[in-house]
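Each chain gets a letter, A, B and so on, in the order the sequences are listed, and its residues count up from 1. Here the structure is a predicted model, which means the values were calculated and not measured.
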Number of protein chains: 2
Amino acid sequence: MLGGFIRAQRQVANLSLRQLSALTEISNPYLSQVERGLHEPSIRVLKSIADALNVSAEILFEQAGLITGTEKLGDEATESAIRADQRLTEAQRTALLAVYRSYVEDNREEG
Amino acid sequence: MLGGFIRAQRQVANLSLRQLSALTEISNPYLSQVERGLHEPSIRVLKSIADALNVSAEILFEQAGLITGTEKLGDEATESAIRADQRLTEAQRTALLAVYRSYVEDNREEG
DNA sequence: CTGGAGTGATTGACATGCCAAGCAGGGCGT
DNA sequence: ACGCCCTGCTTGGCATGTCAATCACTCCAG
C-alpha cells in the first residue's frame, strides 16, 4: 500500500530508483524494498522521501495509515492542540481544557 | 525533544509507564528509553503512542521534526483549532480565545 | 521493621532497518 | 558480436529498534 503509492509518485516524477536515492540520500536497494513493501521505513526515511517527491508529508502519512483521513479536522482537534501547546503551563492547560469541556457539554445537553 | 514531549503528555494524562505500555502494547522499558531520547521510535510505535495519549498524530510528528516547523501546525495550532471547532458557539469561541490569549500573554511577560 | 505493590531504569538477546557490493537484463552505438 | 550505461533486484552484514527479565527505589499497611 504505502510502497505502491511511493513507487507511483516516483514514476510520475520520472525518477529512477538511483535518482531518488541521490535526492533522498537513501540507498536505492532499500528504496526498492520499501516500494515493494518488504520493509517499513523509519520516520526519517519517510520524511526525506516526501520531501524529494514534493509530496506533503501528511499525504504520505495518510497512505501509511498514520493519519486516519479526516483526523486533523475531527472533534478532538481542539483538545489535542491545547494539550500540545508549549506556550501554556500545566495549570493553564488543565484550566483551559476544563472550560472547553464544559462548553461542549452544555451544548450537547441543549441539543 | 520528542521524548520529553511524550513524557510530558503522559504525565498530563496521569499515566505510569506501565499503564501507557498496556494501552499501546509497547514495552515499558522501551517507552522509558524513547522518552529519554535514547531511541527513535518507529512509525507504528509513534502512532500507537499518539492514539493512547489522545494527541493528534500530526502534533507528534511535528514534535518529531517530521513536519518542518510551521508547515502545518505552528504556534497557532491552538487558535486555529478553537476557531474551527464546530462544537462551540460563536460566543464560546470568542471567550475561549480570550482566555487562551491572556494565558500566553502572561507567560510572555514573565519570561 | 518487614513485605507487598507501585514507580522508572538497566541489560542482554532477538528482530528489523538500512547500506555497500554485486547480479541480471534491456537498449543503443560501434 | 561486443561494450557501455541504464534500469530494478538480491544478498550479507552492521546499526538500531524492541522486548523479557531484572534491578533499585519509594510508599504505605500490617
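- Not a single ring pair (Phe, Tyr, Trp, His ring centres under 6.0 Å) links Y103(B) to another residue, sequence neighbours left out.
- Of the candidate nucleotides dG8(C), dT10(C), dG17(C), dG17(C) has the atom lying nearest to any side-chain atom of E40(A).
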Report task. Encode nucleotides 21-27 of chain D as B, S and - characters from 5' to 3', where the letter depends on protein heavy atoms closer than 4.0 Å: B to the base, S only to sugar-phosphate, - to neither. Result -> BB-----
Report task. Could you check L53(A) against L15(A) for side chain to side chain contact (heavy atoms under 4.5 Å, CB included), going step by step and ending with a plain yes or no? Result -> CA-CA 9 Å; L53(A) 292 178; L15(A) 293 172; 4.0 Å; yes
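- One interatomic measurement links the two molecules: CG of L38(A) to P of dC9(D), which rounds to 9 Å at whole-angstrom precision.
- Looking at the side chain of Q33(A), the nearest of the listed nucleotides dT11(D), dA9(C), dT11(C) is dT11(D).
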Report task. List the steps, then state whether side chain to side chain contact (heavy atoms under 4.5 Å, CB included) holds for S32(B) with R36(B). Result -> CA-CA 6 Å; S32(B) 169; R36(B) 284 176 298 143; 3.2 Å; yes
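- Of the candidate nucleotides dA9(C), dT18(D), dC18(C), dC18(C) has the atom lying nearest to any side-chain atom of V45(A).
- Here dA20(D) presents its P atom at 12 Å from CG of L31(B), a figure rounded to the nearest Å.
- Nearest heavy atom pair, residue T24(B) against residue A52(B), reads CG2-CB, 3.5 Å.
- Of the candidates dT18(D), dG17(C), dG8(C), dG17(C) carries the atom nearest the H39(A) side chain, counting heavy atoms from C-beta on.
- Per the geometry, CG belonging to L20(A) stands 17 Å off P belonging to dC6(D), to the nearest Å.
- Between L2(B) and L46(B), some side-chain heavy-atom pair lies under the 4.5 Å cut-off.
- Candidate nucleotides dA9(C), dC19(C), dC9(D) were compared by shortest atom distance to the side chain of S32(B), and dA9(C) ranks first.
- Within 4.0 Å (heavy atoms only), E35(B) reaches no atom of the nucleic acid at all.
- Distance L15(A) CG to dT7(D) C1': 14 Å, rounded to the nearest Å.
- Smallest separation of non-hydrogen atoms from Q9(A) and V55(A): OE1-CG2, 3.6 Å.
- A straight line from CG of N14(A) to C1' of dT7(D) spans 13 Å, rounded to a whole angstrom.
- Between S27(B) and the phosphate of dT18(D), there is no side-chain N or O to OP1/OP2 separation shorter than 4.0 Å.
- Taking only side-chain nitrogens and oxygens, S42(B) comes nearer than 4.0 Å to OP1 or OP2 of dT18(D).
- For R7(A), a side-chain nitrogen or oxygen approaches OP1 or OP2 of dC9(D) to under 4.0 Å.
- Using a cut-off of 4.0 Å between Lys/Arg side-chain N and Asp/Glu carboxylate O, R10(B) and E35(B) are scored as salt-bridged.
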